[in-house]
Amino acid sequence: MATRQTRTLARFMMVPSVILLLVWMVVPLAMTLWFSFQNYNLLNPANVSFGGLFNYRFFYTDPAFFQSIWNTLVIVLGVLLITVIGGIALALLLDQPIFGQGIVRILVISPFFVMPPVAALVWKNMLMHPGYGVFADIARFVGLRPIDWFAQYPLFSIILIVAWQWLPFATLILLTSLQSLDGEQKEAAEMDGAGALSRFIHLTLPHMARAITVVILIQTIFLLGIYAEILVTTNGGPGYASTNLPFLIYRTALLGYDVGGASAGGIIAVVLANIVALFLMRAVGRNLDK
Amino acid sequence: MARTVPTGTKLGWTIAAWVVALLIFFPILYTIVTSFKSETEAIAGFNLVPSGTLESYREVQSQYNYFKPFMNSVIIAVGSTILALLVAIPAAWSMAFSPTRRTRDILMWMLSTKMMPAVAVLVPMYLIFRDWGLLDSRIGLTVMLMLINLPIVVWMLYTYFREIPGEILEAARMDGATLWGEIVYVLTPMAVPGIASTLLLNIILAWNEAFWTIRLTTTNAAPLTAFIVSFSSPQGLFWAKLSAASTLAIAPILVLGWFSQKQLVRGLTFGAVK
């Protein structure tokens, strides 16, 4: 359809995007890789030397490292579990005939638009505060002792906050998928005497499979990088109890001034993200190619 | 489905849905309520009826100069989105209207740049920003957010442009339209809704971005995300002020978000779910 001239023009129009993204991907990553082999501390910038694999060894032997990897995975899996199961349940609920459906939808998706520091600080202070929070009020009301959430269950508290932020996303996408399910198919299944549970397992769930995979893929990308929620609530503590890999790298880089160590951590984060991405892309690829 | 549902059943579902929806919305609702309380009221136990004082709002402006981070957020979010659109529209256009064998690969590659963890390039970006004098500057942050959202912008635009039928172009060409005429009179009007949706979603994403905005700013260019973080180590009573600042920070985006529910699904799933 296109003439030769428009084809050439079309190639040309892609150049700015491709170059920008190429530079953005290659230059900083190459620098991180380079720094990861250097002994480089910002407090002593005159004294930079080649360190070989020292930084990696250092990171590897740091007990905080394994804990942070573990915490990263726990956060990702915990939030995925809550949001996918909760999202399916909510989508099914919102798909029912309801008075005021539009408003209900708006209420449910709202948390997604709340910026992470606001979400985390509101939960930390007004809901989960052991003295004045709403949870503490409820606990006292039913005669229990209020829980100091961030001291006793730091990781769980963060998972709870992040899950609240992402539940609307999962719900919205699963609901969209649910609504594209053919009504006639549902009725046919009903006429054939299929019960609600059997209809859900054999008809609804397979139909939503693609949307579920998409939800898992996209959320994982964002969940691997959770940062602000930790910064304003537990600051990674107590100890390293709620430090994930991004937070550990931030601590090493900007609080420890250790450029080499943080870069080694960065490279490990890239490898981790790539393993997850490869694994997910394979699963999703099968689903996306219709 | 042309089935009528018994009112009783509908009423049951309605109650269940409203209860769940209000529970999910509760933290936001409570923030808004608390923003109209005084500081002593705010810690006086659970209470959904505020005294209605605007004291916290006044103090957020007078003590913390709220307007400045707000304007920074506006400039950075809108600026980075417009920049990204300028770069992405030609690319998405060309991929949608004259795709090649490699178009799919290029799109997948662009998506893969989103998977690079931000924290992996924290050190080099911090050093580059420091050496170029971009730390705590609106320009630096605007470019940064443009880069991280560019893949999403290209993808979104691509999925919208692909839906514009190619036959229309051919018809226009038959009628003797020039390339320029084709773009201005035929394609642009059809592309505007897609561009508008992309604009909306990306302003939301840029507004709420909370890694680079916090790490690359201190005071001058700090947008609302960084401003709110400063409430994590407060002095004295601050809940009502935190609530007022939070309400102001989320209100505009909440409203934009309500209008862009449909586009949100499309944009964030890269067209995989519609």
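Quantities reported herein were computed from a predicted structural model and do not represent experimental measurements.
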Engineer: Work out which heavy atom in B:Lys10 is nearest to a heavy atom in A:Pro97; give both atom names and the distance.
Structural biologist: CG-O, 3.5 Å
Engineer: Check whether A:Leu22 gets within reach of chain B through its side chain, its backbone, both or neither, counting any heavy atom under 4.5 Å.
Structural biologist: both
Engineer: With distance as the sole test, does A:Trp123 use its side chain to make a donor-acceptor pair with the main-chain N or O of B:Pro27 at under 3.5 Å?
Structural biologist: no
Engineer: Side chain from CB out, backbone as N, CA, C, O: work out which of these in B:Ile228 comes under 4.5 Å of a heavy atom of chain A, or both, or neither.
Structural biologist: both
Engineer: Under 4.5 Å heavy-atom distance to chain A, tell me which part of B:Trp109 shows up: side chain, backbone, both or neither.
Structural biologist: side chain
Engineer: Output yes when a side-chain donor or acceptor of B:Ser246 lies under 3.5 Å from a complementary backbone atom of A:Val118, and no otherwise.
Structural biologist: no
Engineer: Does the pair A:Leu107 and B:Trp18 meet the rule for a side chain to side chain contact (heavy atoms under 4.5 Å, CB included), with working shown?
Structural biologist: CA-CA 9 Å; A:Leu107 294 179; B:Trp18 274 89; 4.0 Å; yes
Engineer: Can you tell me how far apart CZ (B:Phe211) and OH (A:Tyr250) are? Round to the nearest 0.5 Å.
Structural biologist: 9.5 Å
Engineer: Under a 4.5 Å heavy-atom cutoff, which of A:Pro16, A:Gly225, A:Ser110, A:Ala119 has the most pairs with chain B?
Structural biologist: A:Ser110
Engineer: So, A:Trp164 side chain and B:Ile24 main chain: donor-acceptor pair closer than 3.5 Å or not?
Structural biologist: yes
Engineer: What part of B:Ile214 gets closer than 4.5 Å to chain A, counting heavy atoms only: side chain, backbone, both or neither?
Structural biologist: side chain
Engineer: One pair to check against side chain to side chain contact (heavy atoms under 4.5 Å, CB included): B:Met110 and A:Val18. What are the steps and the verdict?
Structural biologist: CA-CA 8 Å; B:Met110 285 183 169; A:Val18 171; 4.1 Å; yes
Engineer: So which atom in A:Met115 and which in B:Leu224 form the shortest heavy-atom distance, rounded to 0.1 Å?
Structural biologist: CE-CB, 3.9 Å
Engineer: Starting at CZ of A:Phe113, measure out to CG of B:Asn208 and round the result to the nearest 0.5 Å.
Structural biologist: 9.0 Å
Engineer: To the nearest 0.5 Å, tell me how far A:Phe99 CZ sits from B:Thr7 OG1.
Structural biologist: 6.0 Å
Engineer: Among residues at least two apart in sequence or on other chains, which ones pass side-chain hydrogen bond (donor to acceptor under 3.5 Å, both in side chains) with B:Arg130?
Structural biologist: none
Engineer: Counting only non-hydrogen atoms closer than 4.5 Å, does B:Val229 touch chain A with its backbone (N, CA, C, O), its side chain (CB onward), both, or neither?
Structural biologist: both
Engineer: Heavy atoms only, distances under 4.5 angstrom: which of A:Leu127, A:Leu245, A:Asn235, A:Leu20 has the most pairs with chain B? Name it, please.
Structural biologist: A:Leu20
Engineer: If I compare all heavy atoms of A:Asp137 with all of B:Phe46, which pair ends up nearest, and what's the gap?
Structural biologist: OD2-N, 3.0 Å
Engineer: Picking from A:Ile249, A:Leu29, A:Asn274, A:Val114, which has the most non-hydrogen pairs under 4.5 angstrom with chain B?
Structural biologist: A:Val114
Engineer: Please say whether more than 12 non-hydrogen atoms of neighbouring residues, nucleotides or ligands are located less than 6.0 Å from CZ in A:Phe135.
Structural biologist: yes
Engineer: Please report the shortest heavy-atom distance between A:Pro28 and B:Met125, naming the atom on each side.
Structural biologist: CG-SD, 3.8 Å
Engineer: If you tally heavy-atom pairs under 4.5 Å against chain B, which of A:Pro168, A:Pro111, A:Ala262, A:Ala136 wins?
Structural biologist: A:Pro111
Engineer: Where do B:Val119 and A:Tyr227 land on the side chain to side chain contact (heavy atoms under 4.5 Å, CB included) test, with the steps shown first?
Structural biologist: CA-CA 9 Å; B:Val119 74; A:Tyr227 171 77; over 6 Å; no
Engineer: With a 4.5 angstrom heavy-atom cut-off, is it the side chain or the backbone of B:Ile128 that approaches chain A, or both, or neither?
Structural biologist: side chain
Engineer: For B:Leu150, is it the side chain, the backbone, both or neither that has a heavy atom under 4.5 Å from a heavy atom of chain A?
Structural biologist: side chain
Engineer: Select one option (side chain, backbone, both, neither) describing which atoms of B:Val20 are under 4.5 Å from chain A's heavy atoms.
Structural biologist: side chain
Engineer: Mind listing the closest non-hydrogen atom pair of A:Ala228 and B:Ala210 along with its distance?
Structural biologist: CB-O, 3.6 Å
Engineer: From A:Leu254 CG over to B:Arg215 CZ, what is the distance, rounded to the nearest 0.5 angstrom?
Structural biologist: 5.5 Å
Engineer: With a 4.5 angstrom heavy-atom cut-off, is it the side chain or the backbone of A:Phe169 that approaches chain B, or both, or neither?
Structural biologist: side chain
Engineer: Report which part of B:Phe227 has an atom under 4.5 Å of a heavy atom belonging to chain A: side chain, backbone, both, or neither.
Structural biologist: neither
Engineer: Quick check on B:Ala16 against chain A: is it the side chain, the backbone, both or neither that has a heavy atom closer than 4.5 Å?
Structural biologist: both
Engineer: State whether the number of non-hydrogen atoms from other residues, nucleotides or ligands found under 6.0 Å of A:Tyr257 atom OH is greater than 12.
Structural biologist: no
Engineer: Under the side chain to side chain contact (heavy atoms under 4.5 Å, CB included) criterion, do B:Val121 and A:Trp24 qualify, and how do the steps go?
Structural biologist: CA-CA 10 Å; B:Val121 293; A:Trp24 161 235; 4.0 Å; yes
Engineer: Heavy-atom distances under 4.5 Å only: say whether A:Ile138 touches chain B with side chain, backbone, both or neither.
Structural biologist: neither
Engineer: Between A:Asn125, A:Leu231, A:Val276, A:Leu172, which has the largest tally of heavy atom pairs under 4.5 Å with chain B?
Structural biologist: A:Asn125
Engineer: Suppose we screen for side-chain hydrogen bond (donor to acceptor under 3.5 Å, both in side chains). Which residues come up paired with A:Thr234, at least two apart in sequence or across chains?
Structural biologist: A:Ser242
Engineer: Can you say whether B:Leu127 sits under 4.5 Å from chain A via the side chain, the backbone, both, or neither, judging by heavy atoms?
Structural biologist: side chain
Engineer: Side chain, backbone, both or neither: which part of B:Ile89 has an atom under 4.5 Å from a heavy atom of chain A?
Structural biologist: neither
Engineer: How long is the gap from CE on A:Met14 to CE on B:Met95, to the nearest 0.5 Å?
Structural biologist: 4.5 Å
Engineer: Would you mind telling me which of A:Gly131, A:Pro117, A:Gly266 has the largest number of heavy-atom pairs within less than 4.5 Å of chain B?
Structural biologist: A:Pro117
Engineer: Look up atom OG in B:Ser230 and atom CG in A:Leu121, then write down how far apart they are to the nearest 0.5 Å.
Structural biologist: 9.0 Å
Engineer: Which region of B:Thr34, side chain (C-beta onward) or backbone (N, CA, C, O), has a non-hydrogen atom less than 4.5 Å from a non-hydrogen atom of chain A, or is it both or neither?
Structural biologist: side chain
Engineer: Which region of B:Leu122, side chain (C-beta onward) or backbone (N, CA, C, O), has a non-hydrogen atom less than 4.5 Å from a non-hydrogen atom of chain A, or is it both or neither?
Structural biologist: side chain
Engineer: Pick whichever of B:Ile28, B:Ile15, B:Thr113, B:Leu22 has the most heavy-atom pairs under 4.5 Å with chain A.
Structural biologist: B:Ile28
Engineer: Could you check which of B:Leu205, B:Thr9, B:Leu147 has the highest count of heavy-atom pairs closer than 4.5 Å to chain A?
Structural biologist: B:Leu147
Engineer: Quick one: does A:Thr32's side chain have a donor or acceptor within less than 3.5 Å of a partner on B:Ala120's backbone?
Structural biologist: yes
Engineer: Should the heavy atoms of other residues, nucleotides or ligands under 6.0 Å from CD1 of A:Ile103 be counted, would the total exceed 12?
Structural biologist: no
Engineer: Please classify the contact of A:Val232 with chain B as side chain, backbone, both or neither, using a heavy-atom distance under 4.5 Å.
Structural biologist: both
